[in-house]
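Reminder, nothing fancy here: chain letters follow the sequence lines and each chain counts from 1.
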Amino acid sequence: MTARTLAVTSGKGGVGKTFITANLACALAARGQKVLVLDADLGLANLDVVLNLHPKLTLHDVFTEKCTLEQAIVPAPGGFFVLLAGSGMVEYSRLTPEVRENLLRIIEQVKPRYDWVLIDTGAGISDVVLYSVSLAQDVLVVATPEPTSLTDAYATIKVLAMQQERRQVGLVLNQASRTGEGRGICTQLGNVLARFVSARPGGQNFRLELWGEVAADATVRQAVLKRQLLMEQFPGCEAAQGLKALAGKLLA
Amino acid sequence: MTPATAPLLPALRELKLDDALALLEQAGALLPDAEPYSVRWLQGIIDALADLSARDPMTGLVNRRSFEMALEREIDRVARAGDVALLLLLDIDHFKRVNDSHGHAAGDGVIKAVAEAIQQAVRPMDTVARTGGEEFAVVLPNCPSSFGPTVAERIRANVAALSIAVSPGVILGVTVSLGGAYAPQWVRSSPLLWMERADRQLYRAKAEGRNRACFEPQVESLVSADEKSLLFAQPMDEDSP
């Protein structure tokens, strides 16, 4: 077996990237998939906060060879596995050869053991974020309907299309205020991409696909405050349905 | 809360506060208007001491310690909220000459005047600190990249326009060099790394002839105005009837 690798990124922070990653992992696990979430938000990791885990060993310890990869991978609530980054890593915005080699080595080592490896990247478009995205076959960009999120999502998608020459990027609209909003926003982003990216060398045949829409739902806030997975706390709510559909789309 | 602390009160009288009170008196701090040794009075004393230990006595600016705390806070905001924050480091040009030719009292007068000129050139929300002898620093939260050079120039011009009377008949003019660096957005940095970046630019400003500001080159926005206007061209509800 070799895992499908999916990077989850967002451009802007605070749009629910880690929330989507963790709950998507849970939804995939519920479909019988063996899932690892690799927290690549070096220095600002909060997957541990989202999942209410208190890791003793983190990616940082693997990097510095204080422990083995096996020791740092822990089971998370929700039936998947996590490799947490820890928050003590300062300024991993510059991509040193060391960070590069460590991330590559770790991804290659875990791939044969899982069906899915989800890479939760940091926010922004720093070198480390772009590099951790480049390690994945597929990319999911998380955006919310607010203008700054859309602008930053657009910038990220553009860089992925032009620099990494990706043919396709998936979009999930988080905090959608109504059904169909994701479709509209994806079309809007697609129009700008068609004009400014597809028309340029390196950007041909680029396609932005809507992979999911997660409703703005009061249950999300409740689950986040309780530091529980939405998929476990409120499996029937509208937002959870959106996450299930997202998992379904990835497995289709 | 009051009932819990009440039994402790008699013991408070045994506190030896002579040094603390002498320090506050020397600094001209207002003593709290409350019954001596009451909790409220002691709180006032502690607050006054805390304020004293956060400031540079000569200029009244924030000192290096509390400046580093401000930097730390700003780094958190930048990392988590993607705020745009600028750090400026400043140094008075050829300050040693002032001290050497006119004496240390003149030097002190220059430092005070420069401190005031900097403070007047920035927003109330910005933190101006004296970080060393003739060195200053300003942290500017929520500072768009186009505003950085403008504010640096305003500080530079404010200082260059000073006529500082250091003794009867002796009026001095000074200049400052400035180095600026933005904190990397969405990245956990450290005060030390941020200071080092700004310091490199300050060094450049000195090397390029002083009385100027240099900035760390910024990555310009990846999204052009044309792209933005197309992105937000129509309301995004084209699927509604």
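- Summarising the geometry of Q188(A) relative to L230(B), their closest heavy-atom pair is NE2-O, 3.3 Å, with the distance given to 0.1 Å.
- Counting non-hydrogen atoms of neighbouring residues, nucleotides and ligands closer than 6.0 angstrom, the CD atom of E116(B) reaches no more than 12 such neighbours.
- By the side-chain hydrogen bond (donor to acceptor under 3.5 Å, both in side chains) test, Q164(A) is found to be paired with R166(A), residues two or more places apart in sequence or in another chain being considered.
- At most 12 heavy atoms of other shown residues, nucleotides or ligands fall within 6.0 angstrom of atom CZ in R195(A).
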- Query: Please walk me through it: do W186(B) and K12(A) pass side-chain contact (heavy atoms from CB on, under 4.5 Å)?
  - Reply: CA-CA 8 Å; W186(B) 308 115; K12(A) 187 178 183 297; 3.8 Å; yes
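- A salt bridge links E227(B) with K158(A): at least one charged nitrogen is closer than 4.0 Å to a carboxylate oxygen.
- Environment of CZ in F95(B): crowded, with over 12 heavy atoms of neighbouring residues, nucleotides or ligands closer than 6.0 Å.
- Partner of F196(A) under the side chain to side chain contact (heavy atoms under 4.5 Å, CB included) criterion, chosen from L231(B), V223(B), D226(B): D226(B).
- The environment of R227(A) atom CZ is dense: over 12 non-hydrogen atoms of other residues, nucleotides or ligands sit within 6.0 angstrom.
- Using a 4.5 Å cut-off between heavy atoms, I125(A) touches chain B through its side chain atoms alone.
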